[in-house]
Amino acid sequence: MTIDAATGIARILKQEGVEWVSTFPVCRVNNALGRENIPMVMMRDDRYAVAVADAYSRITGGERIGVCTVQGGVNAAGLQVAYAGLAQAYEDNSPVLCITDGVPIGSTENSHFDITSSLKSVSKWYGYVDKPERVPEFMRRAFTMLRSGRPGPVILAIPDPAGQYDETADPYTPVKGYKSAPDPADVTTAVELLLKAERPLVYAGEGVIYAGASAELKAFAELANTPVITTLKAKGAMPEDHPLFVGVRGDHPAEYLANCDLILAVGSSLSPGRFSHAIPNPAGKTIIQCNVSELDVNKVYRSSHALIGDARFTLQALADELSSQTSGSGRAAPNVHAEIKASRDAGLAKYQEPMTSNETPINPYRVYAGLMEVLDPYKSFVTHDSGNTRDQLSTVYETLIPRGFLGWGNVSSLGFSLAAAVASKLAHPDRASVAVTGEAGLAYMLGNLEVPVRQKLGITSVHISNGGFSGYGPGFWVDGHDPYTHVVLGYDEVDMSKAIAELGLHTERVREPSEIVGALERALAANENDQPAYIEFICSQYPVYGRWVTSGHGE
Ligand SMILES: Cc1ncc(C[n+]2csc(CCOP(=O)(O)OP(=O)(O)O)c2C)c(N)n1
Ligand SMILES: [Mg+2]
């Protein structure tokens with residue numbers, strides 16, 4: 001049976017279990033998606049089309065691959081805007097599939113912007129489907145790469161979506177992801193090193209979430225009696241009420257990183273970035289790198305030892321080996337729980353007062369405390385935006401399930417929180433979904449707030465409305481680190497709750513701390529009726545949060 005390439009792609013996406021595709025028009029496969037009854041979530045710009053699919057892959061830990069389409073071809077306006085989203089997905093290792101129009105044969109070298117070289121710089125693989133009959137091959141390769149190894153975006157460019165091929169010549173069957181386990185000899189050595197250490201620390205990264213290895217992380221940590229910290233992107237990989245959990249941000253993780261003599265990094269590249277902890281005195285520590293990719297071994301820090309493989313298999317193998325080297329008893333560390341509790345309590349003490357503060361304008365921590373009060377941590381999703389909401393929430397928001405909180409940022413692109421909240425609602429309709437943003441993030445997302453109204457997605461946008469880019473102005477730093485560029489029209493000049501109400505969201509403006517919980521409850525009730533909500537909390541500029549262990553400051 002002869003079909004066109006676009007129809008072939010649509011049918012294969014269905015076979016691969018893709019339930020919807022995010023898009024911003026126009027892309028020449030979209031009509032085939034429509035004809036084949038694949039729902040499209042139409043965003044209001046191309047970057048958000050990528051971001052929603054990207055966030056969906058992150059939130060589902062790669063179990064369900066987010067797919068987007070954007071305009072390509074000659075003079076690819078859509079792709080040029082989408083590039084920002086793809087760059088973010090690439091830097092953050094998100095397995096998103098982006099389909100775009102390819103430059104048709106006969107039109108290459110026609111424009112200054114070189115699609116091939118630019119897209120290769122932000123993808124695990126860029127495939128140009130040069131013949132319609134290669135659609136099944138390229139789709140197989142794409143899904144294999146999306147589900148195996150180090151995650152990352154795959155981009156397919158389709159130069160001739162109308163080109164015909166015989167669907168029966170190379171019938172498509174869905175492909176699986178392939179995983180590997182580390183060399184058993186390397187596992188033995190790792191456990192020997194662990195048992196020699198006096199103050200080992202597990203440093204868990206997002207690879208644990210992609211491997212679905214949270215249970216294995218907990219089981220291994222308990223057997224090894226080791227404290228655990230997580231990266232921002234892995235926040236929630238370890239239940240944060242567990243006695244072995246130290247933290248993500250703040251003085252307590254900093255203390256543990258400084259004082260440990262062995263770091264077992266699992267699923268983290270350890271790359272010192274804006275939003276990761278650097279390792280103090282690395283030369284004085286044994287660093288064991290457990291990663292799916294050899295690219296992260298000996299990266300920046302010398303790896304004393306490495307285990308290459310899937311994080312779940314790695315943690316299982318480590319637990320088995322530790323059990324056998326200790327005759328089943330595990331590693332003895334009698335005071336570890338008490339030490340962690342003391343360090344956590346000391347590190348978090350200074351946030352207690354702002355979390356219960358009655359001051360007006362409202363202290364943003366009081367809003368976060370309200371969120372923790374109204375949300376069921378087992379049935380909700382919270383994400384931050386760039387700016388103080390990221391730094392403050394990652395310091396104090398207690399997360400009990402993987403992806404109960406999405407931390408993001410190797411690249412922290414303003415406005416991504418809306419995409420994440422939309423994606424979470426699509427992934428888990430039964431979970432409350434809340435994005436917390438400042439005015440900079442809000443400005444990026446304004447046009448896209450129409451999407452959850454149109455799509456009937458009950459998400460809540462919480463705006464910490466503090467009249468400026470507060471981390472940049474005076475506050476934590478005496479004169480502010482960007483004193484000339486932090487003031488925008490604030491709550492006294494613009495009532496965003498009125499502006500956004502016109503889009504059809506349930507909105508409220510809250511000035512009193514005592515009204516926080518009620519407003520959040522009303523927002524969640526609107527969400528239950530499939531209406532998105534926006535709540536503007538009139539807040540103080542309060543740029544105080546747990547520090548990263550790094551010489552620079554995050555943005
Ligand atoms: C796309 C993009 N451009 C620039 C930045 C740098 N940046 C980080 S936070 C921020 C301002 C945040 O201000 P606001 O949203 O009001 O949050 P607040 O810190 O006041 O809570 C800027 C410009 C960024 N993260 N992303
Ligand atoms: Mg602000």
Side-chain angles (χ1 to χ4, degrees), residues 45-48 50-51 54-55 80-92 122 232-233 249 273-276 354 361-368 371 382-397 407-420 434-449 461-477 480-494 496-497 500 509 534-548 552-555:
D45 71 68
D46 325 74
R47 177 220 158 179
Y48 274 88
V50 176
D54 163 354
Q80 289 183 7
V81 173
Y83 187 87
L86 289 164
Q88 184 188 0
Y90 184 59
E91 190 66 53
D92 279 8
V122 291
L232 174 62
K233 290 199 295 167
R249 293 289 293 275
R274 283 172 184 250
F275 311 113
S276 57
I362 300 169
N363 188 299
Y365 281 99
R366 180 78 195 260
V367 180
Y368 311 145
L371 276 173
V382 171
T383 194
H384 57 85
D385 215 293
S386 183
N388 278 303
T389 64
R390 172 199 54 232
D391 301 310
Q392 295 170 342
L393 279 165
S394 58
T395 300
V396 298
Y397 189 83
W408 41 276
N410 296 334
V411 178
S412 189
S413 305
L414 280 162
F416 187 74
S417 68
L418 175 69
V434 178
V436 185
T437 187
E439 31 274 285
L442 186 70
Y444 276 80
M445 69 183 68
L446 267 178
N448 282 277
L449 283 173
S461 195
V462 166
H463 178 190
I464 303 298
S465 182
N466 58 17
F469 305 157
S470 63
Y472 288 16
F476 214 45
W477 300 276
H481 75 70
D482 273 283
Y484 303 107
T485 54
H486 70 92
V487 179
V488 294
L489 292 187
Y491 45 78
D492 286 335
E493 290 100 350
V494 190
M496 290 308 295
S497 67
I500 291 173
R509 174 172 251 228
Y534 161 88
I535 311 293
E536 182 180 19
F537 291 100
I538 307 304
C539 287
S540 60
Q541 297 201 358
Y542 193 76
V544 178
Y545 43 81
R547 65 188 174 105
W548 295 118
H553 53 72
E555 242 78 276

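Please read these numbers as outputs of a predicted model, since none were measured by experiment. Start at 1 and go down the list; that is how both ligands and their atoms are numbered. Note that these values count all heavy atoms, side chains included, but never hydrogens, waters or copies made by symmetry.
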Enumerated ligand 1 atoms positioned under 4.0 Å from heavy atoms of [X]:
X	answer
N388	18 (P), 19 (O), 21 (O)
G387	9 (S), 19 (O)
F469	11 (C), 13 (O), 16 (O), 20 (O)
S412	24 (C), 25 (N), 26 (N)
S470	18 (P), 19 (O), 20 (O), 21 (O)
G441	15 (O)

**OP:** Verify, without hydrogens or angle tests, whether D482 (side chain) and Y472 (backbone) share a donor-acceptor contact under 3.5 angstrom.
**Re:** no
Original post:
Does any N or O in the side chain of R274 come within less than 3.5 Å of the main-chain N or O of S412, such that one atom is a donor and the other an acceptor?
Top reply: no
Region of [X] engaging ligand 1 - heavy atom pairs below 4.0 Å:
X	result
A440	both
N466	side chain
I464	neither

Subject >> Q541 near the Mg ion (ligand 2) via N/O/S, less than 2.8 Å >> reply: no
**OP:** Specify whether an N/O/S atom of G468 falls short of 2.8 Å from the Mg ion (ligand 2).
**Re:** yes
Original post:
Side chains of Q392 and Y368: donor-acceptor distance under 3.5 Å anywhere?
Top reply: yes
Original post:
Side-chain donor-acceptor pair under 3.5 Å between S470 and N466, yes or no?
Top reply: yes
Original post:
Does D391 come within less than 4.0 Å of R249, counting only side-chain N to carboxylate O?
Top reply: yes
Original post:
Between R390 and L232, is a side chain to side chain contact (heavy atoms under 4.5 Å, CB included) present by the stated rule, with each step listed?
Top reply: CA-CA 9 Å; R390 172 199 54 232; L232 174 62; 4.0 Å; yes
Subject >> Closest E439 atom to the Mg ion (ligand 2) [N, O or S only] >> reply: OE2
**OP:** Any chance you could measure I535, atom CD1, to I464, atom CD1, to the nearest 0.5 Å?
**Re:** 11.5 Å
Original post:
Looking at T383, T389, V434, V436, which hits side-chain contact (heavy atoms from CB on, under 4.5 Å) with S417?
Top reply: T383
Subject >> Aromatic ring pairing Y534/H463, orientation class (parallel under 30°, perpendicular over 60°, tilted between) >> reply: tilted
Subject >> Close approach of P543 to ligand 1, heavy atoms, under 4.0 angstrom >> reply: no
